[in-house]
Amino acid sequence: MLTAVVRRPAALLRLFLRASHPARMVVIGFALAVLVGAGLLMLPLSTEQGGTTDWVTALFTATSAVCVTGLVVVDTAAHWSTFGEVVILGLIQVGGLGIMTLASLLGMLVVRRLGLRMRRSAQTETKSLGLGDVRSVIAGVITLSLAMEAITALALTLRFVLGYGQPWGEGAYFGVFHAVSAFNNAGFALYPDSLQRYATDPLVCLPVLFAVVVGGLGFPVLFEIGRRLRGKRRRWSLHARVTLLAYSALLLVGVLAFGVFEWNNPETLGPLSVGGKLLVGLFHGTTPRTAGFTTVDIGEINPTTMLVNDVLMFVGGGSAGTAGGIKVTTFALLAFVIFTEVRGEAQVHVLGRKLPVGLQRQALTVVLVAVGMVFTATLLLLVITPFELDVTLFESISAFGTVGLSTGITEQLPRAGELVLIVLMFTGRLGPITMASALALRERGRRYDLPEERPIVG
């Protein structure tokens with residue numbers, strides 16, 4: 001049987017897809033991608049000096065890349081060779097598209113059809129609403145991703161070559177790397193200071209922001225926008241309306257908060273011109289939505305700005321996109337639930353639609369699990385490191401939200417601290433619900449109900 005499997009790639013693929021739960025397959029797929037990436041990064045070929053990278057550093061970097069986070073414990077350009085950087089770039093692309101989306105594409109190429117189990121697996125990763133549209137969703141995700149990355153890469157390449165005199169080969173390499181990193185909200189950069197050298201250059205910052213926002217909105221919303229741009233005047237779905245409204249509102253809050261609180265800070269916006277302040281404020285009001293790029297030193301921002309960033313990182317971006325966090329839809333739906341409860345109404349209504357009770361429980365579960373994970377990680381970092389609460393909390397939320405922003409303590413963490421962030425990045429990328437579903441050993445429904453009793457709340 002083993003010989004037959006080896007000789008037939010389709011049989012090997014079907015063997016892999018015999019998992020009992022699609023969420024478990026997503027976890028296994030991401031874990032395999034991380035392990036393979038870590039193995040490649042441990043090769044002497046992957047380092048600049050030809051030495052061997054220790055397994056924790058390789059695992060941390062691979063996890064950060066696959067989970068499109070951007071936290072690093074070594075300087076990306078100085079430590080990794082071109083081969084290592086290409087490995088990181090590939091891991092970012094795999095993590096952004098989703099390992100199950102790529103597996104579904106492989107299945108289409110090998111067996112030329114999608115079985116029901118594979119469709120369920122792809123649906124879990126892409127958050128498509130029905131099994132019948134998975135094939136078109138996969139094709140759309142890949143086409144849209146490559147198109148947005150190509151547009152951003154072209155803009156950055158032209159700027160690096162024509163504006164800064166880089167050779168065409170080097171400029172194209174830098175342009176592609178940062179475009180893929182930006183669209184996938186990864187935050188990896190080939191400069192030791194991220195993008196701080198381009199803080200006041202709109203021809204670099206704006207293309208990066210464009211890719212960050214497009215990737216962070218989520219593919220379902222982008223598909224709806226695309227249909228309307230092609231003249232297909234369908235009614236906006238509730239998901240698209242909630243995502244666009246909440247994303248825009250939080251984006252405005254982030255930009256205004258950073259601009260106001262940092263306007264006179266001599267270590268961030270203070271020395272810049274008005275135009276520079278506005279550009280940096282726009283950039284750093286956007287990047288906490290899980291992008292991770294910086295144009296000023298995050299370690300020098302005010303405590304008030306750091307607190308606002310904590311909230312923005314925790315919320316994250318849109319569902320079924322490259323952003324992390326609990327997602328803006330979850331945040332917005334819980335706000336509607338609170339508003340309904342305060343008004344004393346029995347049913348939650350959102351923009352002319354009734355919200356299912358099950359969806360309310362799901363949103364509440366996501367938030368509470370996320371809070372518990374961030375709290376636990378922060379507590380562990382406080383115990384095993386000498387750092388204060390504000391920076392450890394910031395680091396934990398950044399890892400869980402797959403943001404990649406850091407106050408500068410990542411490289412100073414002990415091995416135990418790095419392992420804590422590895423677990424947090426992995427679970428943050430997959431989502432608490434996906435992780436819990438994948439680890440569940442049994443699934444069964446209750447065949448009876450119990451008497452109702454109301455405890456005192458509050």
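Owing to the predicted nature of the structure, the values given are computational and were not obtained by experimental measurement.
Side chain of T392 to backbone of L389: a donor-acceptor contact under 3.5 angstrom is found. Of the possible polar contacts, none joining the H178 side chain to the L195 backbone as a donor-acceptor pair under 3.5 Å is found. A donor-acceptor pair under 3.5 Å is absent between the side-chain atoms of S194 and the main chain of Q196, judged by distance alone. Using a distance-only test at 3.5 Å, with no hydrogens or angles considered, a donor-acceptor pair links the side chain of K277 to the main chain of W263. Judged by distance alone, with hydrogens and angles left aside, the side-chain atoms of Q412 form a donor-acceptor pair with the main-chain N or O of G408 at under 3.5 Å. T61 places no side-chain N or O within 3.5 Å of a backbone atom of A58 that could act as its donor or acceptor partner. E418 contributes no side-chain N or O that, together with a main-chain N or O of T57, makes up a donor-acceptor pair within less than 3.5 Å. A distance-only check finds no donor-acceptor pair linking the side chain of D390 to the backbone of P303 [under 3.5 Å].
Every residue meeting the side chain to side chain donor-acceptor pair (under 3.5 Å) condition with T305, not counting sequence neighbours, appears here in chain and number order: E262. The side chain to side chain donor-acceptor pair (under 3.5 Å) test applied to S181 returns no partner, not counting sequence neighbours. Partners of S46 by side chain to side chain donor-acceptor pair (under 3.5 Å), not counting sequence neighbours: none found.
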Let me check something: any side-chain donor-acceptor pairs from residues 335-343 under 3.5 Å, sequence neighbours excluded? List them with distances.
{"from": "T340", "atom 1": "OG1", "to": "F336", "atom 2": "O", "distance (Å)": "2.9"}
{"from": "R343", "atom 1": "NE", "to": "E345", "atom 2": "OE2", "distance (Å)": "3.4"}
{"from": "R343", "atom 1": "NH2", "to": "E345", "atom 2": "OE2", "distance (Å)": "3.2"}

List the atom pairs, with distances to 0.1 Å, where a side-chain N or O of residues 371-387 and a protein N or O form a donor-acceptor pair under 3.5 Å, not counting sequence neighbours.
{"from": "T376", "atom 1": "OG1", "to": "G372", "atom 2": "O", "distance (Å)": "2.8"}
{"from": "T378", "atom 1": "OG1", "to": "V374", "atom 2": "O", "distance (Å)": "2.7"}
{"from": "T378", "atom 1": "OG1", "to": "S396", "atom 2": "OG", "distance (Å)": "3.2"}
{"from": "T385", "atom 1": "OG1", "to": "L381", "atom 2": "O", "distance (Å)": "2.4"}

For residues 67-80, please give each side-chain donor-acceptor pair under 3.5 Å, one per line with the distance, not counting sequence neighbours.
{"from": "T69", "atom 1": "OG1", "to": "C67", "atom 2": "O", "distance (Å)": "3.3"}
{"from": "D75", "atom 1": "OD1", "to": "A77", "atom 2": "N", "distance (Å)": "3.3"}
{"from": "H79", "atom 1": "NE2", "to": "T53", "atom 2": "OG1", "distance (Å)": "3.0"}

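Inter-residue side-chain proximity for L156 and F177 is flagged as unmet; no heavy-atom pair is nearer than 4.5 Å. Looking only at side-chain heavy atoms (C-beta outward), L269 and N264 stay at 4.5 Å or farther from each other. Put simply, the side chain of F394 reaches to within 4.5 Å of the side chain of M313, judged on heavy atoms. Proximity of F258 to V308: side-chain heavy atoms (C-beta onward) are nowhere separated by under 4.5 Å. No side-chain heavy atom of L40 sits less than 4.5 Å from a side-chain heavy atom of L45. Contact of the T287 side chain with the T294 side chain is not registered, since no non-hydrogen atoms from C-beta on lie closer than 4.5 Å. Between F283 and F293, the closest side-chain pair of non-hydrogen atoms falls below 4.5 Å. Contact check for F188 versus V180: no side-chain heavy atoms found under the 4.5 Å cut-off.
The minimum heavy-atom distance linking L312 with G254 is given by the pair CD1-CA, 3.6 Å. Nearest heavy-atom pair, Y247 versus R289, reported as atom, atom and distance to 0.1 Å: O-NH1, 3.5 Å. Smallest separation of non-hydrogen atoms from L282 and L209: CG-CD1, 3.8 Å. Heavy-atom minimum distance, F223 versus V141: CZ-N, 3.7 Å. Taking every heavy atom of both residues into account, T52 and P44 meet most closely at OG1-CG, 4.1 Å. Between A370 and I326, the closest heavy-atom pair is CB-CG2, 3.7 Å.
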Step by step, work out the side chain to side chain contact (heavy atoms under 4.5 Å, CB included) result for F400 and M425. CA-CA 5 Å; F400 170 79; M425 288 187 292; over 6 Å; no

F261 vs I301, test: side chain to side chain contact (heavy atoms under 4.5 Å, CB included). Steps then yes/no. CA-CA 9 Å; F261 295 142; I301 62 176; over 6 Å; no

Check: Should L421 and L413 be marked as a side chain to side chain contact (heavy atoms under 4.5 Å, CB included) after you check the CA-CA gap, both sets of side-chain angles, and the distance that decides it?
Finding: CA-CA 10 Å; L421 293 189; L413 293 175; 3.4 Å; yes

Q: Starting from the C-alpha separation in whole Å, work towards a yes-or-no answer on side chain to side chain contact (heavy atoms under 4.5 Å, CB included) for D297 and E267.
A: CA-CA 8 Å; D297 187 356; E267 302 297 329; over 6 Å; no

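For the residue pair N185 / T290, a side-chain donor-acceptor distance below 3.5 Å is found, with atom types taken as modelled. For the 3.5 Å distance criterion, the side chains of H284 and T295 qualify, holding a donor opposite an acceptor.
In this structure, NZ on K327 lies 13.5 Å from CG on L333, to the nearest 0.5 angstrom. Atom CZ of residue F210 and atom OG1 of residue T286 lie 13.5 Å apart, to the nearest 0.5 angstrom. Atom CG of residue L405 and atom OG of residue S398 lie 5.0 Å apart, to the nearest 0.5 angstrom. A distance of 5.0 Å separates CG of N184 from CD of E149, quoted to the nearest 0.5 Å. Here the OG1-CZ distance, from T330 to F314, works out to 9.5 Å after rounding to the nearest 0.5 Å. With values rounded to the nearest 0.5 angstrom, T63 atom OG1 is found 4.0 Å from L59 atom CG.
Aromatic ring centres of Y198 and Y191 lie closer together than 6.0 Å.
A cation-pi arrangement is not found for R429 relative to F30, the charged atom failing to lie both closer than 6.0 Å to the ring centre and inside a 45° cone about the ring normal.
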